[in-house]
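Each remark here refers to the structure printed beneath this line.
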There are 2 protein chains.
Amino acid sequence: MTSTAIRSGIAALREAYRRGDLRVADVAERAATAEAPDGVWISRVEPGALRRRAAELQGKEHLPLYGIPFAVKDNIDVAGMPTTAACPAFAYPAARTAPVVERLLEAGAMLVGKTNLDQFATGLTGTRSPYGAVQSVYGGGLVAGGSSSGSAVAVAAGLVAFALGTDTAGSGRVPAAMNGIVGLKPTRGLLSTLGVVPACRSLDCVSVFALDVADAAAVLGAAAGPQDGDPWSRTGSFKSQEAATVRLGLARPDTLDFEGDRGQAERYVAAGVALSRITADATAVDLGPLLEAGALLYEGPWVAERLAGLEDFLREHAEDVLPLTLGILRSGGSFAATDAFRAQHRLRELRAATARLFERIDVLALPTVPTTYTIDEIAAEPLRRNAILGRYTQFANLLDLAVLTVPNGHTPDGRPASLSLIGPAFAEPTLLALGAALLGEAHAVHLGKTQDVELAVVG
Amino acid sequence: MTSTAIRSGIAALREAYRRGDLRVADVAERAATAEAPDGVWISRVEPGALRRRAAELQGKEHLPLYGIPFAVKDNIDVAGMPTTAACPAFAYPAARTAPVVERLLEAGAMLVGKTNLDQFATGLTGTRSPYGAVQSVYGGGLVAGGSSSGSAVAVAAGLVAFALGTDTAGSGRVPAAMNGIVGLKPTRGLLSTLGVVPACRSLDCVSVFALDVADAAAVLGAAAGPQDGDPWSRTGSFKSQEAATVRLGLARPDTLDFEGDRGQAERYVAAGVALSRITADATAVDLGPLLEAGALLYEGPWVAERLAGLEDFLREHAEDVLPLTLGILRSGGSFAATDAFRAQHRLRELRAATARLFERIDVLALPTVPTTYTIDEIAAEPLRRNAILGRYTQFANLLDLAVLTVPNGHTPDGRPASLSLIGPAFAEPTLLALGAALLGEAHAVHLGKTQDVELAVVG
């Protein structure tokens, strides 16, 4: 975090532009020159290109993301820049910009750079990259979380107002938790994954990092929608409820495990109390079926889906891949097609159980991560602790859920806590409304409308 | 076909009951004693049990399927009877009746027996069963088609008024084609597969054989609906159009292959002409993506889904399975999980192409089978000719389509021809309306209502 960082959300920037306190060219200049924490960027937009973009935006104040600086994870294509997926040997120059990024640009946003990630978006730690392990903005050696480490830190450090990540098992939520910001993992297919390097193609989501809930909603509104040529694109009817009507689910305590982290456990209880005050009622939920689905992803044949897209590359370039990542990917080769079908059949049963759960409740609130780890702690037990970080995130994509991750204060020793608000597919409006109410954001959140929340510009 | 057979559809039987021309007890008696063509039944309901069922139905004339005799394929559970899946070593006494059968019984229908099938519902010929190869009611050594061979012949020979089959790749349509009757393969999940021996669990459908379209609609209305405890059960909005508003698709001739069967090709042209007179307009359709999806099922990793459910059984009982069937099932063991995921990714693209097709048209009309074969012809080339029989059926379940198969006259040499009306999921009302209009059925078809079509009782 440097004095030249932007450190403002979308609404604040728009208000500053409107008042004339700030010009897009100023923000472009700061974005081009701001010093960044180690390992955040893999590539940056050239200062000259940023200036040209600012000039191009003149007279377009009506656009919903007019002059808003943003970053994208470096597994998403931007024409004219390399896509690395954090593997230099894999890198290719992107010929076309991913449609989801194209929509943000058409909405007036200003791309600042492409961010670091756990290689091939495989990992939840933010330490698995040849471009460097990324540290949380909270310091103390805490990991940034992954795989979208750079995007989360770019937002939390004020380098951009929002960023795109991707999320297959928690990659858009764990880094939000570790950096005290908002993370939105939308319904699968709501944001197009065309032009995104696949991890598990059937589960991959493009995700949003933002400083507050209204900003996440504004980005979602600009980026979401059916996409021609994307077979994974989906449409559906949004479910929209006011917070006061929400039937809340809270984890039955005996099905929770914080790995002994009392501070995180206390914060979860506090969030439950706060949510109970603003929702209709609350029910205790057995997490068993959700945790079983998560285990299917972590220990089961979906790792073969990761391998499916990379098998040819690995045959030629095994030595160019991080040994830990290579081992994980290659383990996908040990599963038979019969294993994949049997796991999919079990998943179907777990999805049916989840559908029944969401007949009884509207939103399930869970801790985003059970605990936090430092870079050294992850290095000591890289696989086991990675799995622990994903405990309350990795089932969501398999079970076709939408999740909004919001900051939940701090532990007594100053580490960030985070809460995930989980709903069925297309529950985004309900999740955003509840998240905004919980954080005390003043105005109602509407998809597709930029908010006029009044915030001071501190950049 | 014997003089004691029933040979009447649902509407005719209901009318005969209403007039007092026929009593349920008479129909039960005939059903219990009727001689059946070779190989149709695997097990029959005892005459005493049929008499008790007739007595139990007294005073229940209001039920939509009151006193209607029916059969179920012997891979569907009926409490108190064995389920064999045409493999004696696999047979088990069913403890509970499959919910889809339960619904028909609750609607007043009268179960007569359980029918032969290609072992484990694997095959489209009707010849792969230790209970005997089943011949078409057209004679001349023609195969009955499979896998639901016995159910189709039971209806065509007048042993029952309707029957349940199952359909994964065409098992509910090819036998309808080979016996000149109506076959309905509904949208996946519309009829519960709980209590059905799985073939490919993610693709399996329970299907309906009937003498006319109105009867198929009446059975669908009684049998369909969401089912608790069935993770594959689905709900959706039905699409209902009058025939005159239907935008028809016809196969572009260069993408069709009748294996040199001119008689079948002529009947397809005739059907196209007849349909063109009663629909809004017609478009030529490239079958490429559909045929590619069919090839994925036939040559690709879905055979591993068949194996997934039977692997444990085969380990102990390989010698109790037909060698041809064993070979097919075991071939599923050669696919890796990566193959399964890659094929599913390609299928997703083909589904998207199919969705675009059904934005342009409402119903695609195709021949059900390219040609017909005799039992000897199948024995000469059992795998290749089985695949040919499935050419225009095997893509439907993978692509989430609904299909109504209707008789389409005869070839000059007296073989049956058949037409398949294909629509997207939940298009059943449109398909039934178009089928009824094509066959000249006098009254409109309404799901869930028994029709009052006037027909003479010929049983």
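Note on naming: letters A, B, ... go to the chains in the order of the sequence lines (proteins, then strands), and numbering restarts at 1 for each one.
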Looking only at atom types and distance, does a side-chain atom of [X] sit under 3.5 Å from a main-chain N or O of [Y], one as donor and one as acceptor?
X: R128(B); Y: L322(B); result: no
X: S240(B); Y: T430(B); result: no
X: D230(A); Y: S192(A); result: no

Checklist entry - If we ignore angles and hydrogens, is there a donor and acceptor under 3.5 Å between the side chains of R201(B) and Q344(A)? => result no
Next on the checklist: Within the 3.5 Å criterion, strictly below it, is a donor on T168(A) or D204(A) matched to an acceptor on the partner's side chain?
Outcome noted: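 Indeed, the side chains of T168(A) and D204(A) share at least one donor-acceptor pair under 3.5 Å.
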What part of [X] gets within 4.5 angstrom of chain B, counting heavy atoms only: side chain, backbone, both, or neither?
X: A304(A); value: both
X: R234(A); value: side chain
X: F335(A); value: both

Checklist outcome for this item: Interface check, chain A: of R351(B), R306(B), E349(B), E311(B), most non-hydrogen pairs under 4.5 Å belong to E311(B)
Next on the checklist: Just so I understand: if I count every heavy-atom pair under 4.5 Å between each of A340(A), S233(A), A336(A) and chain B, which residue has the most?
Outcome noted: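 Answer, by heavy-atom pair count under 4.5 Å with chain B: A336(A).
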